[in-house]
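Only heavy atoms go into these numbers, but all of them, side chains included; no hydrogens, no water, no symmetry mates.
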Amino acid sequence: MGTYKDLIEMVIKRELGILGKDKTFAVLNDFNIIADEDGNVQSIAGDGKTILNDLLDQFGKRYGLWAVLGCKISVLKAANAYNLELPEILTRK
C-alpha cells in the first residue's frame, strides 16, 4: 500500500530528472523535506496530502505549468492504485 510520501518521492524524482538538483532541492528546502540525491524522502513534516499539493503548486509557480503536468499522470495513476485522495491541484480542470 502506497502513501503520500511515495507520491512526493515520485514528484521529486521526476523533477530531479527534468529541472536538476539545484532547482528541485531549492523547492524541497522551502518545505523542510529531506531527501537524498536520488530523491528518496528521508523526512517530511505534516500532512502528506497537503504537502504534495503545496509542493506541486510551488514547482508550478517557480518553473511553470510543465513542471506539474509532467508528473501529473503518473501521480494520478499511483494515487488511484494506492486508494489515496487526490490533492486539490490534481483535481482542477
Side-chain angles (χ1 to χ4, degrees):
M1 186 61 127
T3 66
Y4 287 106
K5 177 183 171 263
D6 297 316
L7 299 180
I8 291 167
E9 281 185 355
M10 288 178 70
V11 170
I12 293 169
K13 289 176 180 181
R14 188 261 178 206
E15 299 302 355
L16 280 170
I18 301 301
L19 298 174
K21 180 181 169 186
D22 292 340
K23 290 179 179 178
T24 301
F25 279 92
V27 174
L28 298 185
N29 288 336
D30 290 348
F31 291 92
N32 296 318
I33 296 172
I34 299 170
D36 66 18
E37 300 248 341
D38 295 322
N40 299 305
V41 174
Q42 308 300 314
S43 173
I44 57 172
D47 175 59
K49 180 181 168 189
T50 301
I51 293 169
L52 177 61
N53 185 80
D54 295 346
L55 185 64
L56 287 168
D57 185 58
Q58 188 64 17
F59 274 119
K61 285 178 181 173
R62 284 195 189 187
Y63 305 115
L65 185 58
W66 291 110
V68 176
L69 291 178
C71 58
K72 187 173 182 175
I73 293 173
S74 58
V75 172
L76 288 170
K77 285 182 180 180
N80 187 48
Y82 299 159
N83 210 19
L84 294 172
E85 190 176 312
L86 293 172
E88 180 185 342
I89 195 168
L90 295 176
T91 60
R92 292 183 201 152
K93 294 184 180 183

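No donor-acceptor distance shorter than 3.5 angstrom exists from the side chain of Asn80 to the backbone of Lys77, with no hydrogens or angles considered. Not one N or O on the side chain of Asp38 forms a donor-acceptor pair closer than 3.5 Å with the backbone of Asn40. Remark: the backbone N or O of Glu15 is paired with a side-chain donor or acceptor of Thr24 at under 3.5 angstrom. When atom types are taken as modelled, the side chain of Tyr63 and the backbone of Gln58 share no donor-acceptor pair closer than 3.5 angstrom.
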Under the criterion side chain to side chain contact (heavy atoms under 4.5 Å, CB included), I'd like the reasoning laid out for Lys23 against Arg62: C-alpha separation, chi angles, the key distance, then a yes or no. CA-CA 9 Å; Lys23 290 179 179 178; Arg62 284 195 189 187; over 6 Å; no
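Interatomic distance, CD1 of Ile89 versus CG of Leu56, reported as 5.0 Å (0.5 Å rounding). To the nearest 0.5 Å, atom CD1 of residue Ile33 and atom CZ of residue Phe31 are 7.0 Å apart. A distance of 8.5 Å separates CG of Leu84 from CG of Asp6, quoted to the nearest 0.5 Å. Distance CG/Asp54 to CD/Glu88: 9.5 Å, rounded to 0.5 Å. Expressed to the nearest 0.5 Å, how far CG of Leu90 lies from CD1 of Ile73 amounts to 11.0 Å. Once rounded to the nearest 0.5 Å, the distance linking CD1 of Ile44 with CD1 of Ile8 reads 4.0 Å.
Considering Thr50, Val41, Asp47, Leu52 in turn, Leu52 is the only one that fulfils the side-chain contact (heavy atoms from CB on, under 4.5 Å) rule with Tyr4.
Residue Ala79 comes nearest to Leu86 through the heavy atom pair CB-CD2, 3.5 Å, listed as atom of the first residue, atom of the second, then distance. Ser74 and Met10 get closest at one heavy-atom pair: O-CE, 3.4 Å. Here the shortest heavy-atom pairing between Ile51 and Ala45 reads CD1-O, 3.1 Å. In plain terms, the two heavy atoms of Ile12 and Gly39 that are nearest each other are CG2-CA, 3.7 Å.
Counting heavy-atom neighbours within 6.0 Å of Gln42 CD, excluding the residue itself, gives a total above 12.
Cluster membership for Leu65 and Val11, using ILVMFWY side-chain heavy atoms within less than 4.5 angstrom, is not shared. Residues Leu55 and Leu76 fall within the same hydrophobic cluster, defined by Ile, Leu, Val, Met, Phe, Trp and Tyr side chains chained together at heavy-atom separations under 4.5 Å.
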